[in-house]
**Student:** 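If you scroll down you'll find the structure; I have some questions about it.
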Amino acid sequence: MENKTQLLKTLIMLVSLTIMLAAVIASNVKATLNCDDVVLKLESGATCDGTGFYVYYQNNDLFAPPVNLSISVSPGLTLIEGDNPAYTTQTQYKWKFNCTTAGTYQFNLTVNDTTSNDTCFKTLTVQLSGMVYDPQLSLLMPLSMQVIANIAESFVITINNTGDGDAYNVSGYLDVSNAQLNSTSINVAIINNHSSKQLVYTLTSGVCGSNSLAAHITNYYNEIGELMPSVSNSTSFVVVGSMLEISKFDVWFNNNKLSDGNQIDQFDTITVNVTVKNNGNYYANATVVEIYEDDNLRATINIGNIDAGASKSGTADIKVQHSGNVVIKAIAKSLTACSNSPYDNTASISLNVIAASTTEEEGETGAGGGEGAAAVSENETEEQPKQAEAVSQITTISSSDGLVKLIIYEDTIITYNGKSIDASEIKIEKISQALMPTLPQDKYLLMAYKITPDVEFSKPVKILFDYHDYASMLFDDSQLSIYTYQAGWRELATSVDKANTKAYAYIQHASIFALFTDKIKQEQITGFSIAQFFAKYKWQSIVAIIIIIVILAAILTLLKKKQKKQNRKRTNKKK
């Protein structure tokens, strides 16, 4: 037992001596810099997102000597934490950098042994992604639109990108019922951040009444291809038009009014009288009444324009070509007719036609053919030219000051005294208030122009007023209205584009046209502010204010000098 105890003590002593010897050896061994043990590494998940990331120095040699660390980096990187320690015994050190732009960056580390002056270099090259900025789209639709039945109306939708990122592959569609669009698709390759894109469409509808138009952006992506939330918006529009009714339909033969079942002979000439009433809320443009014998067009009566609530009549003579039970039918048509009109625009009579005993050539012709096909409306003294030339493309005529434009659409025939003329012969001339007829009551005249010569258009054309010179006046845009003068003032259906200070209406004849607003009431005048005056005369106001300040300063200086002189005189008198 004593031998075992003695052996254990001996072993413990040997272990202690070994440890002491190792410590003495280690203390006498000179530590050296080993570049293979030096590591320069990047924090996992580092990006240029503006929040910062760490870069680490690490020496895997536990007995590494004290070193001097110096790091340099590529442009675009900003040091926000750490420095270049001149003397450190740490085997690990870190720096924090910041960047906001994606790219390739390089870190250069110099490690210097402060004792032996040994030096090693480490380079780290990395590809960093930048901050991902998301786009944010919104849709701006027209506030409201008035569309004339069967007339194409242009409108603009604006896609705004208020986000900090660009929007890529923007796509979607337009949705509307009871109307036709020239296109229903939305496709834009890119909309840059804090910018917008305008898309122009045309809408045509024959269904009168209120309707809605919606736009939907279903797909768009940020710069790294992430799908963004969809966007939708809608607006309303009102379709106005004519609603035709044949209120009177008479068929005469030899001064006798015919009724259903009356008998006439084949090739007899009958006279058809029609009266057409417009029950709609817009005037009927280029109204005609087509007269058919069974299914064959025999005559076209040119009625012309019919104001809302008004009626017009016309007459045509036709030679009956068929025998047997023959139906004479009239159909009233207008360029701006509502397809959903509840009124009957047709009328007919059934006649018993006895076959002729002698042979006579039948006049089976197409539209407008047959005898009597060239019938005209009442009060019309000349026939339209047979080969009238139409405008081949959209044509714009401007006044000399550019404030009024006449937009003539494709396939429009322009006639003057019954003859076709070229659009270049039309002029728009400004007229002064002194030469104007008596103005409408409670209306204030802004602009007045006359279109010459006294032409007519086969289809509606747009007259457009630019009222930006009057935009700072004290009136609401909704008070604007366009009037035409023909033996009296008549208000036209007026649309207003507030954003672009434009007002427009559709016309079909030349005349005097004027832009009016409601008269300013006395209580409105008292509310006219200096700010509104300055808004219109900005620079003139600033100059005037400066002059007034200089004059007041000069007056004050003179008064002070005068006061000082009076004070001196009083002082001298006291002495």
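Residue numbers run from 1 in the order of the sequence given.
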**Student:** Enumerate donor-acceptor pairs with a distance under 3.5 Å from any side-chain N or O in residues 175-183 to protein atoms, sequence neighbours excluded.
**Tutor:**
unit_1, atom_1, unit_2, atom_2, d
Ser177, OG, Asn211, OD1, 3.4
Asn182, OD1, Thr202, N, 3.0
Ser183, OG, Ser185, N, 3.3
Ser183, OG, Ser185, OG, 3.3

**Student:** Under the disulfide bond (SG atoms under 2.5 Å apart) definition, can you give me all pairs with a residue in residues 400-462, not counting sequence neighbours?
**Tutor:**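 Listed by first then second residue: nothing to list.
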
**Student:** Hey, what do you get for CG (Asn169) to OH (Tyr220), rounding to the nearest 0.5 Å?
**Tutor:**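 It comes to 13.0 Å.
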
**Student:** I'd like to know if the side chain of Thr336 and the backbone of Asn285 have a donor-acceptor N/O pair within less than 3.5 Å.
**Tutor:**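 Yes, the answer is positive, given that a donor and an acceptor are paired below the 3.5 Å cut-off.
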
**Student:** Quick one: which residue pairs count as a disulfide bond (SG atoms under 2.5 Å apart) with a foot in residues 206-294, not counting sequence neighbours?
**Tutor:**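 Of all non-adjacent pairs touching residues 206-294, those that pass disulfide bond (SG atoms under 2.5 Å apart) are Cys208-Cys338.
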
**Student:** Does Ser339 offer a backbone N or O that forms a donor-acceptor pair with the side chain of Ser341 under 3.5 Å?
**Tutor:**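 Pair absent, no side-chain N/O of Ser341 close to backbone of Ser339.
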
**Student:** Return all side-chain donor-acceptor pairs below 3.5 angstrom for residues 137-147, not counting sequence neighbours, or 'none' if the list is empty.
**Tutor:**
none

**Student:** If we count only N and O atoms by modelled type, under 3.5 Å, do the side chains of His194 and Asn160 hold a donor and an acceptor together?
**Tutor:**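 Judged by distance alone, the side chains do not pair up.
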
**Student:** Other residues, nucleotides and ligands only: do more than 12 of their heavy atoms fall within 6.0 Å of CD on Gln441?
**Tutor:**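 No.
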
**Student:** Using side-chain heavy atoms (C-beta onward) and a distance below 4.5 Å, is Val289 in contact with Ile331?
**Tutor:**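 Side chain of Val289 against side chain of Ile331, heavy atoms only: no contact under 4.5 Å found.
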
**Student:** So do Ile151 and Thr204 actually touch side chain to side chain, heavy atoms under 4.5 Å?
**Tutor:**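 They are not in contact (no side-chain heavy atoms under 4.5 Å apart), so the answer is no.
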
**Student:** Would you mind listing every disulfide bond (SG atoms under 2.5 Å apart) that reaches into residues 222-304, with sequence neighbours excluded?
**Tutor:**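 Checked against disulfide bond (SG atoms under 2.5 Å apart) - neighbours excluded - no pair reaches residues 222-304.
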
**Student:** Which residue pairs pass the ring-ring contact (aromatic ring centres under 6.0 Å, His included) test when at least one of the two sits in residues 400-436, sequence neighbours left out?
**Tutor:**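 Listed by first then second residue: nothing to list.
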
**Student:** Is there a donor-acceptor contact under 3.5 Å linking the side chains of Asn222 and Asp134?
**Tutor:**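 Yes, because at least one side-chain N or O of Asn222 sits under 3.5 Å from a partner of the opposite role on Asp134.
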
**Student:** Roughly how far, to the nearest 0.5 Å, is OG1 of Thr396 from NZ of Lys405?
**Tutor:**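 Nearest 0.5 Å value for the NZ-OG1 distance: 7.0 Å.
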
**Student:** Assess the side chains of Asp317 and Thr269: does a donor N or O sit below 3.5 Å from an acceptor N or O?
**Tutor:**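 No, no side-chain donor-acceptor pair sits under 3.5 Å.
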
**Student:** How about Lys277: does its NZ atom have over 12 heavy atoms from other parts shown lying under 6.0 Å from it?
**Tutor:**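 Atom NZ in Lys277 is not crowded, with 12 or fewer foreign heavy atoms closer than 6.0 Å.
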
**Student:** Tell me, which pairs form a disulfide bond (SG atoms under 2.5 Å apart) where one or both residues lie in residues 269-325, sequence neighbours left out?
**Tutor:**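 Matches after skipping sequence neighbours: none remain.
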
**Student:** Which heavy-atom pair separates Ala316 from Ala299 by the least distance, and what is that distance?
**Tutor:**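 Shortest heavy-atom separation between Ala316 and Ala299 comes out as CB-CB, 4.0 Å.
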
**Student:** Please name the pair of heavy atoms, one in Ser348 and one in Asp260, separated by the smallest distance, quoted to 0.1 Å.
**Tutor:**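 Where Ser348 meets Asp260 most closely, the heavy atoms are O-OD1, 4.5 Å.
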
**Student:** Test of understanding: with ring-ring contact (aromatic ring centres under 6.0 Å, His included), list the residues that count as partners of Tyr292, not counting sequence neighbours.
**Tutor:**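 Testing Tyr292 for ring-ring contact (aromatic ring centres under 6.0 Å, His included), a comparison that skips the adjacent residues, returns none.
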
**Student:** Quick check: do Met436 and Ile512 have side-chain heavy atoms less than 4.5 Å from each other?
**Tutor:**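 Of all side-chain heavy-atom pairs linking Ile512 with Met436, at least one is under 4.5 Å.
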
**Student:** Give me each pair satisfying ring-ring contact (aromatic ring centres under 6.0 Å, His included) with a member in residues 159-184, each pair once, sequence neighbours excluded.
**Tutor:**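 Sorted result for residues 159-184: Tyr173-His216.
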
**Student:** Between the side chains of Lys443 and Asp518, is the shortest nitrogen-to-carboxylate-oxygen separation below 4.0 Å, so that they form an ion pair?
**Tutor:**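 Yes, Asp518 and Lys443 are salt-bridged.
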
**Student:** When rounded to the nearest 0.5 angstrom, what is the spacing between CG in Leu351 and OG in Ser323?
**Tutor:**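 It is 12.5 Å, given to the nearest 0.5 Å.
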
**Student:** Quick check against the 3.5 Å criterion: does Thr235 have a side-chain atom that pairs as donor or acceptor with the backbone of Leu213?
**Tutor:**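 The answer is no, because no donor-acceptor pair under 3.5 Å joins these two groups.
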
**Student:** Output the distance between atom CD1 (Ile507) and atom CD1 (Ile482), rounded to the nearest 0.5 Å.
**Tutor:**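 Between Ile507 CD1 and Ile482 CD1, I get 9.0 Å after rounding to 0.5 Å.
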
**Student:** Indicate yes or no for a side-chain donor-acceptor contact from Lys459 to the backbone of Glu410 under 3.5 Å, with no hydrogens or angles considered.
**Tutor:**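 Answer holds: yes.
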
**Student:** Any side-chain heavy atom of Lys462 sitting closer than 4.5 Å to one from Glu153?
**Tutor:**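 Result yes, sub-4.5 Å side-chain heavy-atom pair found.
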
**Student:** Quick check: does any side chain N or O of Glu290 sit under 3.5 Å from a backbone N or O of Thr300, one acting as donor and the other as acceptor?
**Tutor:**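 A pair under 3.5 Å: no.
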
**Student:** For residues Ala510 and Pro453, report the shortest heavy-atom separation together with the two atoms involved.
**Tutor:**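 Taking Ala510 first and Pro453 second, the nearest heavy atoms are CB-O, 3.3 Å.
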
**Student:** Could you tell me whether the side chain of Ile148 reaches within less than 4.5 Å of the side chain of Val240, counting heavy atoms only?
**Tutor:**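 Yes, at least one pair of side-chain atoms sits under 4.5 Å.
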
**Student:** What donor-acceptor contacts under 3.5 angstrom involve side-chain atoms of residues 243-252, with partners at least two apart or in another chain?
**Tutor:**
unit_1, atom_1, unit_2, atom_2, d
Glu245, OE1, Asn279, ND2, 3.1
Ser247, OG, Thr275, O, 3.3
Asp250, OD1, Lys257, NZ, 3.3

**Student:** With a 4.5 Å cut-off on side-chain heavy atoms, are Ile428 and Leu406 touching?
**Tutor:**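 The answer is yes; the side chains approach within 4.5 Å.
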
**Student:** Within the distance-only criterion (no hydrogens, no angle test), does the side chain of Asn352 pair as donor or acceptor with the backbone N or O of Gly261 below 3.5 angstrom?
**Tutor:**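 The answer is no, because no donor-acceptor pair under 3.5 Å joins these two groups.
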
**Student:** Tell me, do Ile354 and Ile264 make a side-chain contact under 4.5 Å, heavy atoms counted?
**Tutor:**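 Ile354 does not reach Ile264 side chain to side chain.
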
**Student:** What pairs of residues pass the salt bridge (charged side-chain N to carboxylate O under 4.0 Å, His left out) test when at least one of them lies in residues 478-492, not counting sequence neighbours?
**Tutor:**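 Applying salt bridge (charged side-chain N to carboxylate O under 4.0 Å, His left out) to every pair that reaches into residues 478-492, excluding sequence neighbours, yields Asp307-Arg490.
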
**Student:** Please list, chain by chain and in numerical order, all residues satisfying ring-ring contact (aromatic ring centres under 6.0 Å, His included) with Phe516, sequence neighbours excluded.
**Tutor:**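 For Phe516, the residues satisfying ring-ring contact (aromatic ring centres under 6.0 Å, His included) (neighbours in sequence not counted) are Tyr483, Trp489.
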
**Student:** Whether the side chain of Asp466 engages the backbone of Leu403 through a donor-acceptor N/O pair (distance < 3.5 Å, no angle test) should be reported.
**Tutor:**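 Side chain of Asp466 to backbone of Leu403: no pair is present.
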
**Student:** Do Thr287 and Asn305 pair up side chain to side chain, a donor and an acceptor below 3.5 Å, judged on atom types alone?
**Tutor:**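 No.
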
**Student:** Step by step, would you call Gln479 with Tyr444 a side chain to side chain donor-acceptor pair (under 3.5 Å)?
**Tutor:** CA-CA 10 Å; Gln479 298 172 332; Tyr444 180 82; over 6 Å; no

**Student:** Take Thr315 and Asn273 through the test side chain to side chain donor-acceptor pair (under 3.5 Å) and record every step on the way to the result.
**Tutor:** CA-CA 5 Å; Thr315 300; Asn273 297 326; 2.9 Å; yes

**Student:** Please report the interatomic distance CD1(Ile157) to NZ(Lys197), rounded to the nearest 0.5 Å.
**Tutor:**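 Interatomic distance, Ile157 CD1 to Lys197 NZ, rounded to 0.5 Å: 11.5 Å.
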
**Student:** Specify the closest pair of heavy atoms between Ser259 and Ile349, including all atoms of both residues, with the distance to one decimal.
**Tutor:**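 Shortest heavy-atom separation between Ser259 and Ile349 comes out as C-CD1, 3.5 Å.
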
**Student:** What closest approach, in Å, do Leu439 and Leu445 show between heavy atoms, and which atom pair accounts for it?
**Tutor:**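 Shortest heavy-atom contact: CD1-CB, 4.0 Å.
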
**Student:** Check the side chains of Tyr449 and Asp401 for a donor-acceptor pair under 3.5 angstrom, ignoring hydrogens and angles.
**Tutor:**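 Their side chains do contain a donor-acceptor pair, which is all the 3.5 Å distance test asks for.
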
**Student:** Got a donor-acceptor contact below 3.5 angstrom from the Asn192 side chain to the Asp166 backbone?
**Tutor:**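 Not a single qualifying donor-acceptor pair exists.
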
**Student:** Quick check against the 3.5 Å criterion: does Asn150 have a side-chain atom that pairs as donor or acceptor with the backbone of Leu335?
**Tutor:**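 Answer holds: yes.
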
**Student:** Is the backbone N or O of Ala355 less than 3.5 Å from a side-chain atom of Gln266, with the two atoms forming a donor-acceptor pair by type?
**Tutor:**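 Not a single qualifying donor-acceptor pair exists.
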
**Student:** Step through the shown structure and confirm whether more than 12 heavy atoms of other residues, nucleotides or ligands are within 6.0 Å of NZ on Lys329.
**Tutor:**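 Incorrect, the count does not exceed 12.
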
**Student:** Can you name the closest pair of heavy atoms from Leu174 and Ala215 and give their distance?
**Tutor:**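 Scanning both residues, the minimum pair turns out to be CD2-CB, 3.4 Å.
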
**Student:** Please determine whether a side-chain nitrogen of the Lys or Arg among Glu293 and Arg298 lies less than 4.0 Å from a carboxylate oxygen of the Asp or Glu.
**Tutor:**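 Yes.
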
**Student:** Any heavy-atom pair between the side chains of Phe237 and Leu203 that's under 4.5 Å?
**Tutor:**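 Side chain of Leu203 against side chain of Phe237, heavy atoms only: contact under 4.5 Å found.
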
**Student:** Find the distance between CG (Leu480) and CE (Met447) and round it off to the nearest 0.5 Å.
**Tutor:**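 One finds 10.5 Å between CG of Leu480 and CE of Met447.
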
